[in-house]
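In what follows, every heavy atom counts, from backbone to side chain, and hydrogens, waters and symmetry copies are set aside. Chain letters run A, B, ... following the sequence lines, proteins first and then strands; every chain starts at 1.
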Amino acid sequence: MEIPYAVKPRPDTGLYNAKVGIWLFLASEVMLFGALFSSYILLRVNAEPGTWPHHWLNIPLGTCNTIVLIGSSITVVLSWASLKMGDFAKYRKFQAITILCAMAFMGIKSYEYNDKFQHYEFALKNGNVVDGHVDREKSTVKVPFWTPFKITDESGKGIIVVHGHKIESKDNAEGHAELMDGNKHPAHTEIEIAVSDIKDFSNYGPWHNTYTAIYFVLTGLHALHVFGGALVIFVVWGPLAGVWKKDPERYTNRVEVSGLFWHFVDLVWIFLFPVLYLL
Amino acid sequence: MQASTHTDSHSHDAHGGHDHHEPGFWQKYIFSTDHKVIGIQYGITSLMFLFFGFLLMLCMRWQMANPGQPIPVVGSWLHAILGDEMVAKDAQGRVGVMMPDLYNSFGAMHGTIMVFLAIVPLAFGAFGNFVTPLQIGACDMTFPRINMVSYQCYFLGGVLMLASFFIPGGAAKSGWTSYSPLATVAGGGHHPDGQTFWLIGMVALITSSLLGAVNFITTIIQLRAKGLTWMRMPFFVWAQFVTGFLLLLAFPPLEAAGVLQLADNMLGTSFFLPTGLVVSGQPMHVSGGGSPLLWQHLFWFLGHPEVYVLILPGMGIVTEIIANNTRKPIWGYRSLVYAIMGIGFLSFIVWAHHMYLTGMGTKISTFFQTTTMMISIPSVIILTALFISLWGGSMRFNTPMLFALAFLPMFGVGGLTGLPLGFNASDIFLHDTYYVIAHFHYVVAPGTIFALFAGIYYWYPKATGRMMNEFWGRVHFGLSFIFMNLVFMPMFIQGMEGMSRRMYDGGASYAAAAGSTGLGAFVIGLNKNITYAAFGLGLAQIPFIINFFWSITKGKKVTSDNPWHATTLEWQTPTPPPHGNFDKEIEVFRGPYEYSVPGAPTDYTTQNEPDKQAPLTHGNPVRS
Amino acid sequence: MNNPSSDQKPTESSASGGLFFLFGLAVVAVFTWFAFTSISPAHLPINVSSAPQSKGIDQLIWLVHLLMAVLFIGWLLYFFYTIFRFRKERNPKADYVGVRSHASTWLEGIVAIIEGVLLVGFAIPIWANASYNFPQEKDSTVIKVIAQQFKWNGWYTSINGKFAKQDRHFVSPDNPFGLDKTDPNFKDNFFVSSDLVVPINKPVLAYVSSLDVIHCFKVNPLRVTQDAIPGMVIPAHFTPAQLGTYQINCAQLCGNAHYAMHGTLKVVSAEDYAKWVADHTKSGGGAGGGYE
Amino acid sequence: MSESHDHNHDHDHSPEEIKKHLKRYYIIGVALALGTLLTVWANFLDFGSPTINIVVALIIASVKGFLVVAFFMHLISEKKMIYSILVFTVFFFAALMYLTLWSMHPANIIQTHFN
Ligand code: HEA
Ligand code: HEA
Ligand code: CUA
Ligand SMILES: [Cu+2]
């Protein structure tokens, strides 16, 4: 039994099944990301004045990643066009670049993630705040990456070395603004803090504040989409390549559908980039 | 479903590739991609969940009627399974008293199971899968394998939900609405807790619904038989189509919200947790800055469309059965179609009527109550059209028809009592009282469940080739009708008197505490009546359950493929329909409800009847 | 396959038709009576608030139920007539067209209009009174109601009517409300737990909030309901017009003892209230730390 | 369903047509990359109010989004059915964004201050 219109378009709608299916699916994806975007706006609007970070992320890296993803979108559409013109070899080449771009994107993203996880903020008992990267070589205690943020320090003399800067009092409005603004780069120095002085600390993981929370969820979900999209493109590109010989139209349709998904992933990033990195 | 003939085929191999190979048992019944088998899988699973959800509620009802009394028999089983934390001893040392935590777990899981694991899968998954492709003359769904995955996701979600009863701390206990911050703190330090399971289970269920929705909509758009134009589609198909869109577009925000709440519970983020929370006297160690209202918005953005997901397929079923058993076309078919589209559209912009008392300003609550009143109009139109369809009919009162007819006033009661809730000013008093409980149970229990029963009796012969027993069907109907009303009608009184919902002791301690202004003994006493009626309702299902299984092999055999003399295409297949459904390609020439066409040889003219043999009327009589 | 050869007759209601209908009539009659007496605003508890919206709430509930009753009974009578009149035995041949009149369109229009009138004439103004037209602080008894698992804290100020500064960042184990204890007004403030007191015939302005999860402050006889949401302070108002002790319900699921989270609101005379306040300011209140 | 015209060929995506589009794809690709750089550059300009920066960035992003959707996803030459699906989606998306934001805006919540 063959399902009708799986390959050839249905005359009255002009569409083949998977095309309708993928657009419906993308519609639901729009609502999924829409909910997250509206959460973002809400958290931002409701944030206490001066607590929403600005330019916290690495803009050059983000720009670079945006261009990588745009590049992959071009190769996807070109690979589909090549197939339409019957040029399988060219399709293969373009799509290989797509997959490489996806890998590059994920590589850069994980570098950025790691950077945030290495970045800590220590609130000291005297009201000062120390903010920066922990030097794990020089520190005498283990500093956790993950909640709960508790340090075991049997000796009572544990020391943590941080490359960063110190803000004299958290209530100091300027210091606070400094912490929230990624553009102010106060001189980084090596700071030593005694574990016994620490009141509270965390790294810049999702638990840090609502900004990092929504940042990780949005980009994490997006990364999952990148991964999924790349996987599908790869499977069509490699293991399923034989279909091209048997049923080129079906194969082209698959490439088109996976391409539509990929463009959507690109589209989401086009909005994520300014919203998270720039605004 | 003719299990007897095929169960002995080779269950060990599953080489699906060879066309001439008889598929094995596993492939035929468990990993099937045939929409009918998947429909039946959905049906059986969801009926079991329906029953299970009801059993949970029976335990709760016992506790409400007899606070602090051990539950007979079942209490000690529960104790054996769930331990001292959840089930305790009473003053006399008798074991089996439900603890508040368990009551809250059961309450949350009753709501969740009924909505997401019973009614939606039954109405959309089972009936949608089994009937829709047949009614549009398709050989299957557009994406059969995705259809199978959809069922598997549903099954997985169900298993996760059930498993959560057995983990330390028990199942989710923050209501089916899972409001933060309670949902985050109620676990009492267990990680993962019941709420975690609930959230992950919900993600699985949502995935299932999304896959199903994509599949249904695509199928209806792409695989309609030749000649089956939009305005010739049976109303049931329209209902499934709109329902598909509701699921497709309303569920993702809850999925997003679920992920955020999961992060709050597991990762220590603060999406829904404001700064300065003090729980049990201790400041909560979170970054803060979030908003509990955000959760409510995202939840109800799904929540309201979801309630129409619960009702629209039911309305579709009822329409089919009323047309069939009045032997006349549905009156105002077009207005039905426009009304259902209107409901679908409006249902996305009324959600905050569940949140009137969260400190909403005048403008916003005016907006949402206006849309809420607007959405009641298409419901009135649908009901009116169905009522008017009865006029001039030649009604036969078989079991499906009885249930379908009863649906009308039952939905009427439920829908009408939505109005005082929809006005924000009257909701100030009625909010979160038993009036709300009564309102929505009238729409989903004697409403949707009756519609689903009607559908089961109606399409049973198509699925099995045998009829269900008519006498026991009527007994089932009569008793269910009486007990349903005895269960839910008194809840209006309780609500109007001011009794709050989600009360472990049914409000008894409130009554005892407050002297003259608290709840009177009469109101508390009603708890007992309701509980007895609920047990009666349970007993009333016994004839149904026996009838259901007995008829598979012993029911009266149908002698025709179209035992109800119906017009729609599902009756044009062999019975039960084989893989691929139709013997030959089918073409449609007319509207869905051409009953009693003047001058036609029979009182039903099937949709695929070419014009030569019966006068061709143009679609349906429109309101003239 | 239109199967004229198929000989199976659709299942029909058989000889017992007459009896069946008598039974049906009885059921419908009982059902209507049952519904009519159950879904009735006559069950509303007494209303002892003289605030403008409180009377309005009852009025609106009555009016909507009137509309519902008319629709319900009308349709039910119609319904029963049709299933009696158009059963197969009496009407063997169905009419292809059915109803030809436009009455239903009118009906739908009328329902829509009545809904509109209730909306504009009642719901919106009543709501505005409840949640927009708050009484002036200087004319009212101002209290802060802070919910917590599982009790109601009342925060009062005595003489100068000012509350101490509150800041979420001050929250600590020994200062759950996040009060600024250095604030001079702090001396005037006192706290009570679960048993609140207000004077009669004077508007009460209650600022409702919560420490932990969402609760709902609800006093049925005063027709006041307001969610208590952590991180927000939402005002609600009412004017008690009758002495007595009224129950405060918690109407939002808030944990395992939600069912037992009741408090009382005692309405006393102005003199008694002044005395009560004076007592509390002397004993336990103020800087002495009046809360547990 | 209009059974009448049986056009089994969609002209928009014939090989000849595609060939003509190739150049367009490259141009759009370059435009997208430039748009990205433009956003970053504009972000560091001082317009006098950060709101303007936000608006500018969002406008550029929307233009880029339009290019991707219209040409890479060839929505611009897509069938009517797809449009009708997307119109609803866009509407509900807007409702979700706008109504939630509106409802939660401090000005619309009856709320006194609680710092
Ligand atoms: C299938 C489910 C379903 C349906 C169809 C509806 C339909 C409606 N609901 Fe209901 N509702 C729920 C399920 C449903 N609801 C649930 C589950 C909740 C609670 C959730 C929770 O808090 O846990 C809820 C809660 C709820 C609230 C929140 C109450 C509160 O928490 O304070 C409100 C408020 O506006 C509301 C309003 C409405 C309205 C105006 C309709 C309208 O659409 C109704 C329109 C229908 C009519 C107007 C009837 C027309 C019929 C006739 C005119 C014929 C009459 C004939 C005879 C009687 C013979 N509902
Ligand atoms: C679709 C939704 C749905 C359905 C159908 C029901 C059905 C029922 N509900 Fe439910 N209920 C909810 C959704 C639903 N409920 C929700 C959302 C809540 C709120 C939860 C919360 O507070 O968070 C709630 C809360 C709720 C309460 C309030 C609890 C509280 O506030 O503390 C009560 C109290 O009596 C109740 C009772 C019942 C009863 C007696 C039924 C009966 O009608 C059940 C009837 C069913 C049967 C009798 C079983 C039939 C079974 C079969 C026929 C099996 C056949 C099997 C085979 C053939 C294999 N429900
Ligand atoms: Cu507090 Cu319920
Ligand atoms: Cu609703």
Side-chain angles (χ1 to χ4, degrees), chain B residues 100-101 175 181-182 274-276 278-279 283 327-328 331 357-359 362 366 373 377 384 388 390-398 416 419-420 423-426 428-429 432 470 489 492-493 496-498 500 502-505 509-510 513-514 517-518 559-560 564-565 572 596 598 606 609 621, chain C residues 1-3 6 8 10-13 34 38-39 43 45 57 60-61 64 68 82 86-88 91-92 94-99 104 108 111-112 115 119 123-124 126-128 132 168 171 173 176 178 211-214 220-221 223 225 227 229-231 234 246-247 249 251 253 256 259-260 262:
Chain B
D101 272 340
L182 182 60
T275 310
V278 183
V279 178
R327 313 307 294 165
K328 67 182 280 298
W331 189 86
L357 294 164
T358 55
T362 313
T366 298
M373 286 307 124
I377 299 299
T384 307
I388 293 184
L390 303 178
W391 192 272
S394 173
M395 277 184 243
R396 45 191 205 197
F397 297 99
N398 43 35
L416 288 174
L419 299 180
F423 289 116
N424 54 11
S426 36
I428 293 177
F429 182 78
D432 267 348
E470 188 64 23
M489 197 60 87
F492 284 117
I493 303 180
M496 198 64 94
E497 297 254 9
S500 295
R502 294 165 167 171
M503 287 284 151
Y504 164 63
D505 60 357
S509 76
Y510 274 38
T517 67
T559 52
S560 134
W564 307 111
H565 290 181
Q572 299 304 314
S596 303
T606 60
E609 185 71 38
Chain C
M1 259 189 296
N2 180 3
N3 238 335
S6 77
Q8 186 169 18
T11 325
E12 285 160 17
S13 83
F34 188 34
S38 300
I39 315 176
H43 294 290
I57 290 173
L60 181 61
I61 293 182
V64 184
M68 288 155 58
T82 51
F86 295 108
R87 67 185 202 271
K88 187 168 181 189
N91 196 35
D95 172 6
Y96 180 71
V97 180
V99 169
S104 67
E108 285 152 11
V111 172
E115 281 182 5
L119 193 64
I124 294 173
I126 296 169
W127 180 267
Y132 187 73
R168 285 183 250 181
V171 169
L211 289 186
D212 37 39
V213 302
I214 303 178
N220 285 327
R223 300 293 186 268
T225 313
D227 277 2
I229 302 175
I234 309 170
Y246 306 104
Q247 180 176 293
N249 290 10
L253 181 64
N256 54 15
Y259 73 100
H262 41 69

- Item | Toward chain C, the part of S500(B) with a non-hydrogen atom under 4.5 Å |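 Side chain of S500(B) only, per the 4.5 Å heavy-atom cut-off to chain C.
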
- Message: I'd like to verify something: which residue of I126(C), I229(C), N249(C) has the highest number of heavy-atom pairs under 4.5 Å with chain B?
- Response: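 Ranked by heavy-atom pairs under 4.5 Å with chain B, first place is N249(C).
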
- Query: Taking A123(C), G98(C), A112(C) one by one, which has the highest count of heavy-atom pairs under 4.5 Å against chain B?
  - Reply: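 Between A123(C), G98(C), A112(C), the count favours A123(C).
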
- Message: Heavy-atom pairs under 4.5 Å with chain C - which of I428(B), I377(B), N424(B) has more of them than the others?
- Response: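 Of the candidates given, the most pairs with chain C belong to N424(B).
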
- Select, from M503(B), M489(B), K328(B), the one with the greatest count of heavy-atom pairs under 4.5 Å involving chain C.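 With the most close heavy-atom pairs to chain C, the winner is M489(B).
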
- Does any N or O in the side chain of W331(B) come within less than 3.5 Å of the main-chain N or O of V99(C), such that one atom is a donor and the other an acceptor?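 Flag set: sc W331(B) to bb V99(C) pair under 3.5 Å.
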
- Message: Test your reading of the model: is there a side-chain donor-acceptor pair from S394(B) to the backbone of N91(C), 3.5 Å cut-off?
- Response: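 Confirmed, S394(B) side chain pairs with N91(C) backbone.
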
- side-chain contact (heavy atoms from CB on, under 4.5 Å) evaluation trace for F429(B) with T225(C): CA-CA 7 Å; F429(B) 182 78; T225(C) 313; 5.6 Å; no

Hey, could you give me the [atom1]/[atom2] distance between [X] and [Y], rounded to the nearest 0.5 Å?
X	Y	atom1	atom2	result
M496(B)	I61(C)	CE	CD1	6.0 Å
E115(C)	F423(B)	CD	CZ	5.5 Å
E108(C)	T384(B)	CD	OG1	4.5 Å

- Taking only residues two or more places apart in sequence or in another chain, which ones pass salt bridge (charged side-chain N to carboxylate O under 4.0 Å, His left out) with D432(B)?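 Listed in chain order: R501(B).
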
- In chain order, what residues pass the salt bridge (charged side-chain N to carboxylate O under 4.0 Å, His left out) check against D101(B), with sequence neighbours excluded?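 Testing D101(B) for salt bridge (charged side-chain N to carboxylate O under 4.0 Å, His left out), a comparison that skips the adjacent residues, returns none.
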
Atom of [X], atom of [Y] and distance for their closest heavy-atom approach:
X	Y	result
N220(C)	G498(B)	ND2-O, 3.2 Å
S596(B)	Y96(C)	O-CB, 3.4 Å
P230(C)	P181(B)	CG-CG, 3.7 Å
P100(B)	Y259(C)	CG-CE2, 4.0 Å

- Item | chain B contact via V213(C) - which portion, at a heavy-atom distance below 4.5 Å |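 Both parts, backbone and side chain.
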
